[in-house]
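This report concerns only the one structure given below.
First the proteins, then the strands, lettered A, B, ... as listed; each starts at 1. Note that the coordinates shown come from a computational prediction; the quantities given were computed from them, not determined experimentally.
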Amino acid sequence: MKAVMKAVRIINISLALFKGWMRSRSGVFFSFMFPVMLLLIFGVIFQGGGEYDLYIINMDKKNEKNGINEPTNLSKAFIDALNSTSAINVIVVNGTPQDFIQENSFGRIRLLVIPPGFEENFTKAIAIERMKSMFSTVEYIIGNYSARIPEDALKEMEKGRVWLERTERPEVRLVYYAEKDDAVAPIIAGVLHAFTASFTLKGVGAENIFQMEMVNYRGLKPADYYMPGYISAFIMTNGVIGLTSTVSDMRRRGIFKRLATTPLEKSEWVAANVIHQSLLAIMLTFVMLIVARLAFSVEAFPNPFSWLLIFEGAVLFSGIGMILGSLFRDVEAATAIANAIAFPMMFLSGTFWSLEMMPEYLQTIAKLIPLTYFSEGLRTAMITGGDASFNAIILGVLAVVFLALGSYAVKWYE
Amino acid sequence: MIIEVKNLVKVYGNTKALDRVTLEVKTDEIFAILGPNGAGKTTLIEILEGLRIPTSGEAKVLGFDVIKDRDKIRRKVGVLPQDFAAFDRLTVEENISLFSSLYNGLDVSELITLVGLEQWKKVRFQELSGGLKQRVGIACALAGNPDLVFLDEPTTGLDPIARRETWEVIENLRGKTVVLTTHYMEEAEKLADRVAIIVSGRIVACDSVEELKRKFGKLRLVVHGETRRELEVESFEEIYRILQSLDKPYSFEIVTPTLEEIYVKLVS
């Protein structure tokens, strides 16, 4: 009977906390809407399409009868073929390269210029290459079967070879403008090299003999990275910032003292808060999963191990919130301290960007932050399906320690 | 006796909040602890509620020791703390229901009716006036159907109408033992069977209002003659003698002492 009453009290306090939270617009916004907004915004921003913009100025034009200069057929075909690759998004612009670069100097510009004479030079060069190819066959025949070839024909062939040797093949020039420190510029240059080689092969009538088999799979996208990160970060803020202000406010307004003069025990109040925070964490996880699935086709679903991590995170950060809330009776001061702890923790723990991108000393600091183990563990368990047991052990130990400290710190009465 | 206090002392740092307080509260009476701000009223009441530990002395509440059995005391008494606060975003009904569920206590609608909050039961606590909040507090204090109720300054900060409404609610609690602290004389006079006056942590007087008046107050006779004369007298016999000794009949009035006069006298 005692145990039943205990459970009833815990559930009723949890429900009261939950109802209070549900009726707080700012609480719901910062616990649910804000992380969902962040996921949508950053998921879209960093999603990208896998294509790089390449501006092209086509200066290879010919005079038409009506007096208007039109791009040559070959330069147009070149641009169309380039645009049909999935790697580059071609944007054709007019004017001179200098003017264009100057006008767009604040943006990161990659510009390909097709100079005048492109069609003419390409046609000539291809013709010479084709002839060279043909003469290499002829030379092979002469070398092996000259005795059977009439003298006159041999002389004509020799004349042709000499002409070919003396004829200079025109250069087909393309000019590629890119900023010195543009990391993407060499990638586009590589694509252009491969493309021009392929274009040349087509020109000489040869085919690429390699067959590339394309296997489509769904790779990890930014949303896959952000979703577990945001879930862990906002479970942290709900606990650290939310519970800090709750504890501080309840203490200042004497609600603890009032509750202390009822059969409710401090341990029951702590348990009710842990249940409340865990409930929020579960709801947040489901909402984020649904949004990530609908918006970014993220197929992750938390396995039992992920739920363990989520529960441990909710407990751990509730404990920290209780400690901070107990230190300050002034709600504003308590909330400010909670923010000062929560935000650096969020930014240094690899929630928003990969730890590998941070300087080494910050990576060392990150290893001391509980949220790092939470977000990393959740990412491993939910997305890559790897082993996050180390993270779970660390979080479990921290959760027990901080909950014990938090329960001790909450001042129920003198 | 439902409460017995003997030589209770409470010291905070260098300040003696309670100095050898001794008093008794009888079962089913309304007992008021009267005193200026900082006199030690709340400290005394919080020790009796089991929320604070005395530095020395003895006190028993409902037969339980305030040090050894304070967990038992806390769960058996009803408490309205100063500036009662509850869950802001819960309604009146939800708050009272929550407190009742902590005790497995009284029926919620019964409690709401008792404190006259029927028309506000669906209103959120944060939207209530000070007087209505106090009434919610009283309902929460009664949620466990306690025999002993502590009300710490139940009407402080309320307007006169709200104060009188709260008095009505407290009057309805007759049948239970009520210990209330206040610095309003009128409140103590209106509600209390007995009053203890506490000054600088010491009980300077403790009795019924009538007895306090008798012990510490003076009857006054005001004679409206050619000039107005006011005389302090010991008894009605003395008034009779004075009136007989007058050379001709004058209008007169007899002024009985007020609790406020006694309080001011004792406090100063």
* **Within-4.5 Å side-chain heavy-atom neighbours: A:M5 and B:Y103** => no
* To do: Using non-hydrogen atoms and a 4.5 Å limit, figure out which bit of A:E268 sits close to chain B: side chain, backbone, both or neither.
  => neither
* Asked: What is the distance from atom NZ of A:K19 to atom CZ of B:R124, rounded to the nearest 0.5 Å?
  -> 11.0 Å
* Structure fact -> Whatever's closer than 4.5 Å to a heavy atom in chain B on A:M22 counts as neither
* With a 4.5 angstrom heavy-atom cut-off, could you sort out which part of B:L98 is near chain A: side chain, backbone, both or neither? => side chain
* Asked: How many angstroms lie between CZ in B:R75 and CG in A:L264, if you round to the nearest 0.5 Å?
  -> 9.0 Å
* **Interatomic spacing from CZ in A:R23 to CD in B:E94 - rounded to 0.5 Å** => 4.0 Å
* Asked: Can you name the closest pair of heavy atoms from A:R258 and B:P81 and give their distance?
  -> CD-CD, 3.5 Å
* Asked: Which bit of B:A86 comes within less than 4.5 Å of chain A, counting heavy atoms only: side chain, backbone, both or neither?
  -> backbone
* Structure fact -> Applying a strict 4.5 Å limit to non-hydrogen atoms, the region of A:I13 in contact with chain B is both
* Enclosure of B:K76 NZ (heavy-atom neighbours >12, cutoff 6.0 Å) -> no
* Exercise: identify the closest heavy-atom pair between A:I255 and B:A85 -> CG1-O, 3.6 Å
* To do: Output the distance between atom CD1 (A:I11) and atom OG (B:S101), rounded to the nearest 0.5 Å.
  => 10.5 Å
* Asked: With a 4.5 angstrom heavy-atom cut-off, which part of B:N95 approaches chain A: side chain, backbone, both or neither?
  -> neither
